[in-house]
Amino acid sequence: MVTVAGVDLRGSDRRPSGVAVISGRDLRVESLYSDEEIVDFLTRHKALVVAIDSPLSHSPSYRHVDRVMVRLGFRVLPPGWRGMSMLVERGVRLASRLSSMGVVVLETHPRSALKSSKCRGLGELASRLGLALPGRLTRDEEDAVVASAVSLMYVEGAVVEVEGVDGRIYLLPPICGGSD
């Protein structure tokens, strides 16, 4: 049984990032502030694959992979926007740290992943994956759960890859089969 995780990262540690871990079909969700707290949580749960909601590479504008996402109908923000720079810096730093520990790190975009799943919402996605949601979640925690589902599908070999010359964004396959 492989433990996977998802992180809805915030640009700074003044507001909490959502972090979700799936082990088997057990789901744990937390709101954590510092990179240290996030790494400790992921290490304690022995996460081997982590999908992070953050661009994991720099660009002054849209990356090629972002333009591919937009052409596919997904709304993403360019890493070069002034408001995104702190998030990108933190994402790159966290990804590097996790990778150096042997963790497979994926870039994802939870809102796009939920759309690609064809599920009507997080509840339907969780139900299809056999996961019980732990009560009321913040939006960041919800996005972390979707990101952890991306990690789960990656391990199961069913993830959707959107590729550009400068990166790869992982999304969910059409799990629910509904219409857009």
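Only this structure's heavy atoms are used, side chains among them; waters, hydrogens and symmetry mates stay out. For clarity, every value in this text was computed on a predicted model and none was experimentally measured.
- Not a single donor-acceptor pair under 3.5 Å links the side chain of S127 to the backbone N or O of E124.
- At least one donor-acceptor pair closer than 3.5 Å links the side chain of H64 to the backbone N or O of V165.
- Looking at R111 and R139, their side chains come closer than 4.5 Å, going by heavy atoms from C-beta outward.
- Atom CZ of R90 and atom OG of S12 lie 7.0 Å apart (nearest 0.5 Å).
- Applying the salt bridge (Lys or Arg N to Asp or Glu O under 4.0 Å) test to R67 and every residue at least two apart in sequence or in another chain returns nothing.
- Of the possible donor and acceptor atoms, none in the side chain of S54 sits under 3.5 Å from a partner among the backbone N and O of L56.
- Considering NE2 of H58 and CE of M84, their distance stands at 11.5 Å, rounded to 0.5 Å.
- Although no hydrogens or angles enter the test, the distance criterion places a donor-acceptor pair under 3.5 Å between the side chain of S116 and the main chain of L172.
- Residue V65 shares its hydrophobic cluster (ILVMFWY side chains chained together at separations under 4.5 Å) with Y62, V68, M69, V70, L72, F74, V76, V160, V162, I169, L171.
- Closest approach of V50 and A47 over heavy atoms only: CG2-CB, 4.1 Å.
- Residues in residues 107-151 take part in no ring-ring contact (aromatic ring centres under 6.0 Å, His included) pair, two or more places apart or across chains.
- In terms of modelled atom types and a separation under 3.5 Å, the side chain of S17 and the main chain of R10 share a donor-acceptor contact.
- When atom types are taken as modelled, the side chain of R63 and the backbone of D166 share no donor-acceptor pair closer than 3.5 angstrom.
- No continuous path of hydrophobic side-chain contacts links V159 to V105 [ILVMFWY only; heavy atoms under 4.5 Å].
- With contacts defined as side-chain heavy-atom distances shorter than 4.5 Å, the pair L94/V39 qualifies.
- Of all non-hydrogen atoms in R128 and C176, the two that sit nearest each other are NH1-CA, 3.5 Å.
- No side-chain heavy atom of L27 sits less than 4.5 Å from a side-chain heavy atom of L129.
- Nearest approach of E30 to E141, heavy atoms of both residues: C-OE2, 4.0 Å.
- Note on D35 versus R97: no salt bridge recorded, every NZ/NE/NH1/NH2 to OD/OE distance being 4.0 Å or above.
- Between M153 and P173, the closest heavy-atom pair is CG-CD, 3.9 Å.
- Put simply, the side chain of S34 gets close to the backbone of E37: a donor and an acceptor are under 3.5 Å apart.
- Sorted by first and then second residue, the ring-ring contact (aromatic ring centres under 6.0 Å, His included) pairs with a member in residues 21-50 read F41-H45; sequence neighbours excluded.
- A distance of 4.5 Å separates CG in L131 from CD1 in I22, rounded to the nearest 0.5 Å.
- The hydrophobic cluster containing V21 does not contain V104, counting ILVMFWY residues as joined when their side-chain heavy atoms lie under 4.5 angstrom apart, directly or transitively.
- Between the side chain of S151 and the backbone N or O of A51 there is at least one donor-acceptor pair closer than 3.5 Å.
- If you take CG on D53 and CG on L106, they are separated by 12.5 Å, rounding to the nearest 0.5 Å.
- Considering every non-hydrogen atom in both V29 and A20, the closest pair reads CG2-CB, 4.2 Å.
- Residue-environment remark: CZ (R25) exceeds the threshold of 12 foreign heavy atoms within 6.0 Å.
- Every pair tested for ring-ring contact (aromatic ring centres under 6.0 Å, His included) that includes a residue from residues 3-25 fails, sequence neighbours excluded, so the list is empty.
- Legend: ring-ring contact (aromatic ring centres under 6.0 Å, His included) pairs involving residues 140-160, not counting sequence neighbours, sorted by first then second residue: Y154-Y170.
- Atoms CG and CZ, from D66 and R75 in turn, are 14.0 Å apart once rounded to the nearest 0.5 Å.
- For the pair D40 and L32, the minimum side-chain heavy-atom distance is 4.5 Å or more.
- At a threshold of 4.5 Å between non-hydrogen side-chain atoms, the residues I38 and L9 count as touching.
- Taking 4.5 Å as the limit, every side-chain heavy atom of V103 sits out of range of all side-chain heavy atoms of L42.
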* To do: Evaluate the side-chain contact (heavy atoms from CB on, under 4.5 Å) criterion for residues I52 and L98: first the C-alpha distance (whole Å), next the side-chain angles of each, then the deciding distance (0.1 Å), finally the verdict.
  => CA-CA 11 Å; I52 300 177; L98 292 169; 4.3 Å; yes
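- Of the options V7, D8, V19, a side chain to side chain contact (heavy atoms under 4.5 Å, CB included) to D140 is made by D8 and by none of the others.
- Listed for the S117 side chain is a donor-acceptor partner under 3.5 Å among the backbone atoms of L114.
- In this structure, M86 CE and D13 CG are separated by 8.5 Å, a value rounded to the nearest 0.5 Å.
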